[in-house]
Amino acid sequence: MKISDFQTKDVINIVDGKKLGQISDLELDLRQGRIDSIVIPQFTRFLGMFGSGGTEIVIPWRNIVKIGADVVLVRMDETKPRIEEEDLHARS
């Protein structure tokens, strides 16, 4: 499977049925030659306009339940967005 094929799939949390978004990036373990996690950007909504948000959800590979033709099913009991470093510096 190509990374570009992966990025077109919706990511669904099977715990609550929520659509988390689409994969924007992968975190790799180059020493072991495997995918560590998938990264899903999160956008915030402010006054009816979309902002960049600056957060992302990182889902460990072990939490992926099934990769289907159109969706990636994951098991996430709690989804905590990770704030990107650039956004942290902008807020200080």
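Both backbone and side-chain heavy atoms feed into the values below; hydrogens, waters and symmetry mates do not. From a predicted model like this one, the values you see are computed outputs, not experimental measurements.
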Tightest non-hydrogen contact, residues Q22 and P41, listed as O-CD, 3.4 Å
Under 4.5 Å side-chain linkage, directly or through intermediates, the cluster mates of V65: I12, I14, V71, L73
Residue of the set I59, V15, I57 for which side-chain contact (heavy atoms from CB on, under 4.5 Å) holds with V74: I59
Summary of salt bridge (Lys or Arg N to Asp or Glu O under 4.0 Å) pairs that have at least one residue in residues 9-19, sequence neighbours excluded: D10-K19
Trace of the side chain to side chain contact (heavy atoms under 4.5 Å, CB included) decision for I38 with I64: CA-CA 9 Å; I38 59 174; I64 295 176; 4.2 Å; yes
Got a donor-acceptor contact below 3.5 angstrom from the D36 side chain to the E27 backbone? no
For residues 28-35, which side-chain N or O atoms pair as donor and acceptor with protein atoms under 3.5 Å away, sequence neighbours left out?
| from | atom 1 | to | atom 2 | distance (Å) |
| --- | --- | --- | --- | --- |
| D29 | OD1 | R31 | N | 3.1 |
| D29 | OD1 | Q32 | N | 3.2 |
| Q32 | OE1 | R34 | NH1 | 3.4 |

Can you tell me if N63 uses its side chain to pair, donor with acceptor, with the backbone of R75 under 3.5 Å? yes
side-chain hydrogen bond (donor to acceptor under 3.5 Å, both in side chains) between T55 and Q42, worked out: CA-CA 5 Å; T55 61; Q42 296 294 287; 5.9 Å; no
side-chain contact (heavy atoms from CB on, under 4.5 Å), paired with I40, selected from V11, V58, D25: V11
Can you tell me if CG on D70 sees more than 12 non-hydrogen neighbours from other groups inside 6.0 Å? no
